[in-house]
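Computed from a predicted structure; not experimentally measured.
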Amino acid sequence: MDSSANSVMRFGSDEEDLVAESSLHAGISEELLSLDELDVFYDSDSRTLWSYMRPAGRPSFTPTMLGDFESWQRLISADFGTGKIPLRYLVLGSRAPGVFCFGGDLTLFHRLIAKQDRAALVHYGHRCCAILHRNIHTLDIPMLTIGLVEGAALGGGFEALLSFDYIIAERGATFGLPEVMFGLFPGMGAHALLTRKLGSAMADRLIMSNQTYSAEEMYDFGIVHQLAENGQGLDATREFIKRSDRRHAGLVNSRRATKAVWKLELSELNRITELWADAALQLREQDLKVMTRLASAQQRLADAA
């Protein structure tokens, strides 16, 4: 993998050692270490699996990226956990400079809406929901999951972060749910998770405002758990892991208790996605033009970075 091409979230001189350690670890599947759009490293000292999205194009959840996440989860479940390779922390960040993730594949959505292909929209949404639901339950492994945000987390990118136990964000990171600007709503977890975290009134405000929120604002809401100075997100995450290790069992089971109270079933997430698909099929041509302009603007931002 060519890590030198990306400046975001690099381990620096440590990364080559982690690549070597990961590849030499007898229990880790080679497939896990060679996914197309995810870089994966295992640090045996901290028992942490570091993973970074490395999108081939616009930093969004394309079908290819979703396929990698499905494989990532399947292979982690097979290789790690009780009686297997020990895993206490799972971290997800992004290689895309200035972007965590822009969320859904707007180009794909536009094409499916034009064809009035509800089944394909629902299938896409159900895939997203299954990945999110498995992450909420930490793949049934007694570990803590950490989302590391160094740039923009929009739409489905923000929704995905809500499924992590902890979010560590650099102060320059931004968060938002822009779907309302083209007549839609976030359909893969925002309603269910924000309502449980903030209450329905505040969740509705975030979902319908079309505002971009700073990392500091998300920290004040309680969505972001720790702030880091710009360029210090990786170090802050390492420090968080070190600080959390002696109380790991308590933190894991506290998070499990919270999720037991949530009672969030996959069927609830899927039903919301189906409502999202129904709404998408009713978008007007002018809404689709706004969607296209947003996708183009995000692509230009990614290209410039």
Side-chain angles (χ1 to χ4, degrees), residues 53 55-66 94 96-129 132 149 151-162 172-195 202-215 217-218 223 269-305:
M53 293 178 282
R58 177 177 166 273
S60 61
F61 292 131
T62 63
T64 302
M65 178 71 80
L66 293 184
S94 174
V99 182
F100 177 78
C101 183
F102 285 142
D105 188 342
L106 298 183
T107 302
L108 174 65
F109 296 166
H110 189 291
R111 184 167 67 251
L112 296 178
I113 291 167
K115 293 166 57 179
Q116 290 290 286
D117 193 343
R118 182 182 188 274
L121 288 168
V122 168
H123 177 68
Y124 176 97
H126 282 182
R127 290 179 71 187
C128 293
C129 291
L132 183 143
V149 190
L154 302 178
F158 184 15
E159 288 182 289
L161 284 167
L162 294 172
T174 56
F175 302 78
L177 297 166
E179 290 86 350
V180 68
M181 69 185 294
F182 49 81
L184 263 180
F185 62 89
M188 290 92 185
H191 280 86
L193 287 166
L194 285 174
T195 295
M202 186 59 72
D204 190 61
R205 178 183 298 179
L206 264 65
I207 289 167
M208 302 307 295
S209 68
N210 189 29
Q211 284 185 234
T212 298
Y213 294 89
S214 67
E217 288 173 310
M218 284 291 109
I223 298 299
L269 294 172
N270 283 341
R271 177 57 183 147
I272 293 171
T273 280
E274 290 156 15
L275 294 171
W276 167 85
D278 290 337
L281 294 177
Q282 299 176 57
L283 293 183
R284 302 165 298 173
E285 185 61 33
Q286 64 196 74
D287 297 321
L288 296 178
K289 288 179 180 178
V290 173
M291 182 188 292
T292 299
R293 287 198 297 270
L294 177 60
S296 297
Q298 291 175 349
Q299 185 64 59
R300 287 194 299 272
L301 179 62
D303 291 343

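- Taken to the nearest 0.5 Å, the CD atom of Glu179 stands 9.0 Å off from the CE atom of Met291.
- The backbone N or O of Ala203 sits nowhere less than 3.5 Å from a side-chain atom of Thr195 that would complete a donor-acceptor pair.
- When all heavy atoms of Val122 and Ala277 are compared, the pair lying nearest together is CG2-CB, 3.7 Å.
- Proximity of Leu206 to Met202: side-chain heavy atoms (C-beta onward) are separated by under 4.5 Å at one or more points.
- Residue Cys128 holds its SG atom at 10.0 Å from NE2 of His123, rounded to the nearest 0.5 Å.
- Met65 CE to Asp105 CG: the interatomic distance, rounded to the nearest 0.5 Å, is 10.5 Å.
- The shortest distance between side-chain heavy atoms of Leu154 and Phe175 does not fall below 4.5 Å.
- Across Leu283 and Phe182, no two heavy atoms sit closer than the pair CD2-O, 3.3 Å.
- Using modelled atom types, no side-chain atom of Thr174 and backbone atom of Ser214 make a donor-acceptor pair closer than 3.5 Å.
- Using a 4.5 Å heavy-atom cutoff, the side chains of Asp278 and Arg118 are in contact.
- Using a 4.5 Å heavy-atom threshold, the side chains of Leu161 and Ile223 count as separate.
- When all heavy atoms are compared, the tightest approach of Phe185 to Leu275 is CZ-C, 3.8 Å.
- No side-chain heavy atom of Thr62 sits under 4.5 Å from any side-chain heavy atom of Pro55.
- Looking only at distances, a side-chain donor or acceptor of Gln116 sits under 3.5 Å from a matching main-chain atom of Ile113.
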Practice problem: Let me see the working for Trp276 and Leu184 under side chain to side chain contact (heavy atoms under 4.5 Å, CB included), right down to the final yes or no. | Solution: CA-CA 7 Å; Trp276 167 85; Leu184 263 180; 3.6 Å; yes
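- Remark: His191 NE2 to Arg271 CZ distance equals 13.0 Å, nearest 0.5 Å.
- The backbone N or O of Gly189 lies less than 3.5 Å from a partner atom in the side chain of Glu159, making a donor-acceptor pair.
- Note: Arg205 CZ to Leu194 CG = 13.0 Å, rounded to the nearest 0.5 Å.
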Quiz prompt | Chi angles and distances behind the side chain to side chain contact (heavy atoms under 4.5 Å, CB included) call for Val180, Ile207 | solution = CA-CA 8 Å; Val180 68; Ile207 289 167; over 6 Å; no
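- Atom NE2 of His126 has more than 12 neighbouring heavy atoms from other residues, nucleotides or ligands inside a 6.0 Å radius.
- The nearest pair of heavy atoms linking Met181 to Asn210 is CB-ND2, 3.7 Å.
- Rounding to the nearest 0.5 Å places NE2 of His110 at 4.5 Å from CG of Leu288.
- Thr292 places none of its side-chain heavy atoms less than 4.5 Å from the side chain of Leu106.
- Within the 4.5 Å cutoff, the side chain of Phe100 has heavy atoms near those of the Met53 side chain.
- Pro63 and Leu108 get closest at one heavy-atom pair: CG-CD2, 3.8 Å.
- Heavy-atom minimum distance, Leu132 versus Ala160: CD1-CA, 4.5 Å.
- Contact of the Thr273 side chain with the Tyr124 side chain is not registered, since no non-hydrogen atoms from C-beta on lie closer than 4.5 Å.
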